[in-house]
Amino acid sequence: MCVMNASNFSVAEALVPSSYIRQARDAKTSRENQVRQLLEQRKLPAEGWDGATIDGFLHDLAMMDSNNFKGNVGAGEREARIASDLVAHRHFRLGHGVGRSGDITAIQPKAAGSSILMRLTNCLVLDIIKLAGVRSAAACVLLPVATGMSLVLTFLYLRTKRPKAKYIIWPRIDQKSCFKSMVTAGFEPVVVENVMEDDELRTDVEAIEAKICELGSDTILCLHSTTSCFAPRAADRVVELANLCKKYDIPHVVNNAYGLQSSKCMHLIQEAHRTGRIDAFIQSTDKNFLVPVGGAVVAGFDKQVIDEISQTYPGRASATPSIDVFITLLSLGVAGYRKLLAQRKDIYEYLSAGLLSLASSHGERLLQTKNNPISVAVSLVSVVGDATKLKTVAGSDGDELDPTQTTELGSMLFTRCVSGTRVVAPGSDRNIGPHTFINWGAHSNHYPYAYLTAAAAIGMTRGDVDTFLKRLDKVLLKFKRKQRDRQDNTPNEDKTD
């Protein structure tokens, strides 16, 4: 694209009729106008770009990096030398990454094109965050690490502001990376059990406030809440927690891993900022933007805070997550992403209705979790028996059920090409770092049901739901037969006496 400038077009008129050249020049000018508008407005275009325009723009950006200069001699140890043409092509010849040794958002003198891409990507993501519901967001940074490590960097930033802090208060969610992020950052997680309301597990705000008073606010680094999660756990009461953080002057970090795709989760964050305190909220790129795993977005309401969080990242970083998100968002445009969000809402209703019908046919029920806008859960009581009797094999007294038999249901689904479901059977404990989680996976020490979860996540289609329900129906029938066979083959001690 960049080699055909006005002068070259004029010269080309000696080779083909000038009317053809003018037509080609007009087509090129149209694409250049799209790029100019993007550079000027720094917002996601209303309609998605075609692949040729995106590819041409990336090529032009790559030509602005020194490793692609004609006659350039690299005399340093890092000069974006790439041995494989295939690797160079995969990365659009953008080999310098993003940032500099001291700041991941710094401009690189020898990589103007890569620096433009990094800045534009952050602008586009901020535009999407506002479009999705958090209109007061002031800044964001796309980090080349997933959600867990982005949480670590956020906690390390807060340490510079609260050097005496030791604890992070965390309403329990049984997901390893968010727990390990606190331990990895060098803090002691204070796990607060959820309370059960009907089928749903909700934040125990009173217990959290009591814990703040017990420990003292100066010893607490932050409150670490969660929006998106596996049912039957609901999104945390983020607004009430934000109000507590404002009252006691405690930072508040929200794990919004796949909440950006949910208007309900984003509304919670916006409202929590309006009435209380949120310092940063973190979301995954792959879960929300349909790109490969490898990035996360740290966003907030104070640009200086986000800038300082980004400075905790040591050194340069891979540009791959930024390139992936940049291409995807430009391909979708505002209209395309809004369509995906609307489809996801429809899929949530469609999946819920389908699971409700399927559950009823198997003597089960859809658990009522109205405060979880993405994940749904189905009881497995008739399939596995009384969940309160599920214990580990070591604790079994002979007439109790082994939870590993229940989780076999998930394995059966996986071997039939159904991924992402979770089968939870109370009775399995897990040690993670310094903490022992009772009934790991259930988000609670005492949740009374075994259950299966599925997520109505962005990108899922009605066809996916239909196929999932058919395979789940067959698996449940087969699993019940296997359970009956096990029972038939179990000696009856009463008969032998």
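Position 1 is the first residue of the sequence; numbering continues from there.
Of the possible polar contacts, one joining the Gln175 side chain to the Ser177 backbone as a donor-acceptor pair under 3.5 Å is found. Side-chain atoms of Gln108 do not come within 3.5 Å of backbone N or O of Ala106 as any donor-acceptor pair. A donor-acceptor pair is defined here as one N or O able to donate and one able to accept, closer than 3.5 Å; such a pair exists between the side chain of Asp65 and the backbone of Ser114. Panel note: side chain Ser357, backbone Gly354; no donor-acceptor pair is recorded below 3.5 Å. In this structure, Asn194 contributes its side chain and Leu201 its backbone to no donor-acceptor pair below 3.5 Å. Of the possible polar contacts, none joining the Asp324 side chain to the Pro292 backbone as a donor-acceptor pair under 3.5 Å is found.
Of all the heavy atoms in Ser375 and Thr369, the pair that sits closest is O-OG1, 4.1 Å. Summarising the geometry of Ala456 relative to Leu351, their closest heavy-atom pair is N-CD2, 3.9 Å, with the distance given to 0.1 Å. In this structure, Ala299 and Cys140 approach most closely via the heavy-atom pair CB-CB, 3.8 Å. Minimum interatomic distance between Asn288 and Ala257 (heavy atoms only, all atoms of both residues): ND2-O, 2.8 Å. Taking both residues in full, the closest heavy atoms of Ser228 and Gly259 are given as OG-N, 3.4 Å, listed atom of the first, atom of the second, then distance. Between Leu469 and Leu358, the closest heavy-atom pair is O-CD2, 3.9 Å.
Under 3.5 Å, the side chains of Asp286 and Ser284 contain a donor-acceptor pair of N or O atoms. When only modelled atom types and interatomic distance are considered, Thr275 and Asn243 share a side-chain donor-acceptor pair under 3.5 Å. Under 3.5 Å, the side chains of Asp26 and Thr29 contain no donor-acceptor pair of N or O atoms. Judged purely by distance below 3.5 Å, without hydrogens or angles, the side chains of Asn371 and Glu200 pair a donor atom with an acceptor atom. At a cut-off of 3.5 Å, with distance as the only test, a side-chain donor of Asn256 or Gln283 sits close to an acceptor on the other residue.
Evaluation of the ring-ring contact (aromatic ring centres under 6.0 Å, His included) test over residues 32-53, restricted to residues two or more places apart or in two chains, returns none. Applying the salt bridge (charged side-chain N to carboxylate O under 4.0 Å, His left out) test to every pair with at least one member in residues 292-305, sequence neighbours left out, gives these pairs: Lys303-Asp307. Within the structure, the salt bridge (charged side-chain N to carboxylate O under 4.0 Å, His left out) test picks out the following pairs touching residues 262-283 (sequence neighbours left out): Asp249-Arg277, Glu271-Arg274, Arg277-Asp279. Residue pairs meeting the salt bridge (charged side-chain N to carboxylate O under 4.0 Å, His left out) criterion with at least one member in residues 343-358, sequence neighbours excluded: Asp346-Arg462.
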* **Check against side chain to side chain contact (heavy atoms under 4.5 Å, CB included), Val254 and Ile282** => CA-CA 6 Å; Val254 181; Ile282 293 100; over 6 Å; no
* Asked: What do the steps show when you test His252 against Leu241 for side chain to side chain contact (heavy atoms under 4.5 Å, CB included), and what is the final call?
  -> CA-CA 8 Å; His252 185 189; Leu241 296 179; 4.1 Å; yes
* Can Asp103 and Tyr313 be said to form a side chain to side chain contact (heavy atoms under 4.5 Å, CB included), step by step? -> CA-CA 7 Å; Asp103 185 350; Tyr313 188 98; over 6 Å; no
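Legend: residues meeting side chain to side chain donor-acceptor pair (under 3.5 Å) with Lys161, ordered by chain and number and at least two apart, are Glu308. Here Thr467 pairs with nothing under the side chain to side chain donor-acceptor pair (under 3.5 Å) rule; sequence neighbours left out. Evaluation of the salt bridge (Lys or Arg N to Asp or Glu O under 4.0 Å) rule for Glu79 yields Lys110 as partners, not counting sequence neighbours. Judged as a ring-ring contact (aromatic ring centres under 6.0 Å, His included), and not counting sequence neighbours, the contacts of Phe301 are His273, Phe281. Asp85 pairs by the side chain to side chain donor-acceptor pair (under 3.5 Å) definition with nothing, not counting sequence neighbours. Residues passing the side chain to side chain donor-acceptor pair (under 3.5 Å) test with Arg422: none are found, sequence neighbours excluded. Applying the side-chain contact (heavy atoms from CB on, under 4.5 Å) test to Val183 and every residue at least two apart in sequence or in another chain returns Phe179, Pro189, Pro434.
For the pair Arg36 and Glu40, the salt-bridge criterion is met [side-chain N within less than 4.0 Å of a carboxylate O]. Under the 4.0 Å criterion applied to side-chain N and carboxylate O atoms, Asp174 and Arg233 are not assigned as salt-bridge partners.
Aromatic pair Phe437/His435: centroids less than 6.0 angstrom apart.
Partner of Asp236 under the side chain to side chain donor-acceptor pair (under 3.5 Å) criterion, out of Thr227, Asn255, Thr203: Thr203 alone.
A distance of 11.0 Å separates CG in Leu156 from CG in Leu151, rounded to the nearest 0.5 Å. Cys222 contributes atom SG, which lies 7.0 Å from atom NE2 of His224 (distance to the nearest 0.5 angstrom). Remark: Tyr337 OH to Ser331 OG distance equals 14.0 Å, nearest 0.5 Å. Atom-to-atom distance recorded for Ser115:OG and Met118:CE is 5.5 Å, nearest 0.5 angstrom. Atom CZ of Phe289 is separated from atom CG of Leu332 by 10.0 Å, given to the nearest 0.5 angstrom. Remark: Leu44 CG to Leu38 CG distance equals 8.5 Å, nearest 0.5 Å.
The 12-atom threshold is not exceeded at CD of Glu47, counting heavy atoms of other residues, nucleotides or ligands nearer than 6.0 Å. The environment of Phe414 atom CZ is sparse: at most 12 non-hydrogen atoms of other residues, nucleotides or ligands sit within 6.0 angstrom. Heavy atoms from other residues, nucleotides or ligands lying under 6.0 Å from CG of Leu15 number more than 12.
With a 6.0 Å cutoff to the six-membered ring centre and a 45° limit on the axis angle, Arg159 counts as a cation-pi contact of Phe187.
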Name the atoms and distances for all side-chain donor-acceptor pairs under 3.5 Å in residues 129-138, with sequence neighbours left out.
from, atom 1, to, atom 2, distance (Å)
Ser136, OG, Gln270, NE2, 2.7

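Contact check for Met63 versus Phe69: no side-chain heavy atoms found under the 4.5 Å cut-off.
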